[in-house]
Amino acid sequence: MKWDYIICHYAEIGLKGKNRKFFEEKLVENIKKSLPGNSYKKVKRISGRILIELKEQVKENLIKKSLKNVFGLAFFAFGKSCPQKIEAIKKKAVEILKDKKFKSFRIETRRSKKDFPLTSQQINEKVGEYVLRKLAPHQTKGSGVRVDLKNPDITCFIEIVEKYAFLYLEKIKGPGGLPVGVSGKAISLLSGGIDSPVASFYGQKRGIKIIFLHFTSYPFTKQSSVEKAKKIVKILNKFQFQSKLYSVPFTEIQKEILLKTKAKLRVVLYRRFMFRIAEVLAKKEKAKALITGESVGQVASQTLENIGVIETAVDLPVLRPLIGMDKEDIIKKAKEIGTFDTSILPAEDCCQRFLPKHPETKAGLREVKKEEEKLEVDNLIKEAIKKAKVVKVINSKS
Ligand code: ATP
Ligand code: MG
């Protein structure tokens with residue numbers, strides 16, 4: 001079947017009042033970025049929907065795959081259009097149904113243009129009758145094609161909207177969420193482990209454009225941790241189409257902490273430095289929050305006490321999208337979005353070395369601050385920021 005259009009429906013963004021236009025425009029922009037360049041003529045907003053006008057030859061599967069990564073889409077459908085007249089609609093319904101195999105069908109009309117002379121129900125009936133007449137001429141005693149409103153083999157959807165009449169057979173589920181970018185930017189601390197990529201994904205899903213930040217401890221650890229982070233960013237880039245990854249050397253800071261402070265507080269101190277550096281970069285990038293892959297109780301540093309002490313190092317809100325998830329759920333999600341296989345590649349994380357035997361699980365802020373007095377905090381941060389490197393990832397379209 002050669003389809004003319006893709007009709008895209010969004011869920012929540014319809015509810016956002018005055019922001020609606022902004023949301024829709026972002027969604028259009030993201031759809032354009034996601035689609036193979038040679039597949040569409042136009043992408044535009046029409047009442048309550050986004051319409052993709054397709055070129056002659058399109059690879060349906062490729063487009064499907066692309067749109068499944070565009071947050072904000074509730075569902076989309078490859079459709080045909082026809083003049084907004086009941087006779088034309090009837091014929092078009094037969095045209096798209098005639099090669100399909102089914103015993104029962106239903107017509108389901110949505111009419112956004114209320115001055116169309118027929119109600120949705122009337123359209124259903126008229127088109128249904130016509131399809132029956134054309135496709136089931138020999139219907140006898142319960143055999144052959146019939147209408148089934150409850151559990152049909154196939155549904156022909158009709159949408160009457162603005163100047164268009166669209167017909168389609170399959171609603172393809174989108175990923176939901178909000179278009180990336182509508183919620184602003186956040187800095188995501190990306191370790192290369194399993195959790196932080198999933199946390200970044202959930203940020204993206206709620207419309208946050210992610211700027212990635214990875215800390216390296218070369219030569220304590222191999223240089224490959226950056227390569228791994230890059231690979232993960234490339235995977236997550238499919239949800240935001242253009243990404244920036246900062247890699248920041250953490251070695252000097254780590255050395256200082258190792259040499260000068262109490263062993264049991266190391267991890268808490270590392271994290272406080274990471275957060276501070278992230279905050280400096282957030283200001284530069286006009287990002288409004290930090291994101292981490294922390295989840296309560298997973299490791300010693302992630303007790304409520306330690307989380308609390310770590311986050312007083314910064315003013316920005318720290319989002320932890322995995323807070324309610326079990327490790328098993330996180331792994332499942334990581335596999336689904338495609339980051340898992342890369343996350344489990346061997347590469348040492350900067351903080352795994354020199355871990356104390358008995359890390360503090362209930363750090364007190366006073367004690368932590370006292371330890372920090374032994375360090376030149378501002379200077380260490382300034383130096384680390386100076387050495388920050390940026391890697392850009394842009395969509396490579398087919
Ligand atoms: P992950 O699976 O994301 O590595 P984790 O369960 O191993 O998380 P921790 O090692 O305690 O947890 O790290 C907590 C969070 O701190 C990470 O989810 C990540 O957001 C951040 N983080 C840890 N190491 C780094 C790093 N090298 N670079 C950037 N962020 C990091
Ligand atoms: Mg980790």
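Indexing begins at 1, ligand by ligand and atom by atom, following the structure's order.
Of the candidates G293, S191, S295, the one placing a heavy atom closest to atom 18 (O) of ligand 1 is G293. Looking at E294, R271, H214, it is R271 that brings a heavy atom closest to atom 11 (O) of ligand 1. Residue nearest to atom 12 (O) of ligand 1, selected from M274, Q302, R320: Q302 (by heavy-atom distance).
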Kindly list each side-chain donor-acceptor pair under 3.5 angstrom involving residues 159-171, sequence neighbours excluded, with atom names and distances?
unit_1, atom_1, unit_2, atom_2, d
E159, OE1, H9, NE2, 3.2
E159, OE1, R49, NE, 2.5
E159, OE1, R49, NH2, 3.3
E159, OE2, H9, NE2, 2.8
E159, OE2, Y168, OH, 2.5
E162, OE2, S47, N, 2.8
Y164, OH, K44, NZ, 2.9

Counting only pairs under 3.5 Å, give me each side-chain donor-acceptor contact of residues 377-386, with atom names and distances, residues two or more places apart or in other chains.
unit_1, atom_1, unit_2, atom_2, d
E383, OE2, K386, NZ, 3.1

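The shortest N or O to N or O distance between K327 and ligand 1 is not under 3.5 Å. Residue P197 has no nitrogen or oxygen atom sitting less than 3.5 Å from a nitrogen or oxygen atom of ligand 1, judged on distance alone. For ligand 1, the polar-atom distance check finds an N/O of F215 within less than 3.5 Å of one of the ligand's N/O atoms. In terms of polar-atom proximity, defined here as any N/O pair under 3.5 Å, I291 makes no such contact with ligand 1.
Nearest heavy-atom pair across I194 and V198 is O-CG2, 3.5 Å.
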>> side chain to side chain contact (heavy atoms under 4.5 Å, CB included), that's the test. Do H214 and S225 meet it? Break it down for me.
In response: CA-CA 9 Å; H214 175 71; S225 84; 3.0 Å; yes
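Geometrically, R276 engages F273 in a cation-pi contact defined by less than 6.0 Å to the ring centre and at most 45° from the axis.
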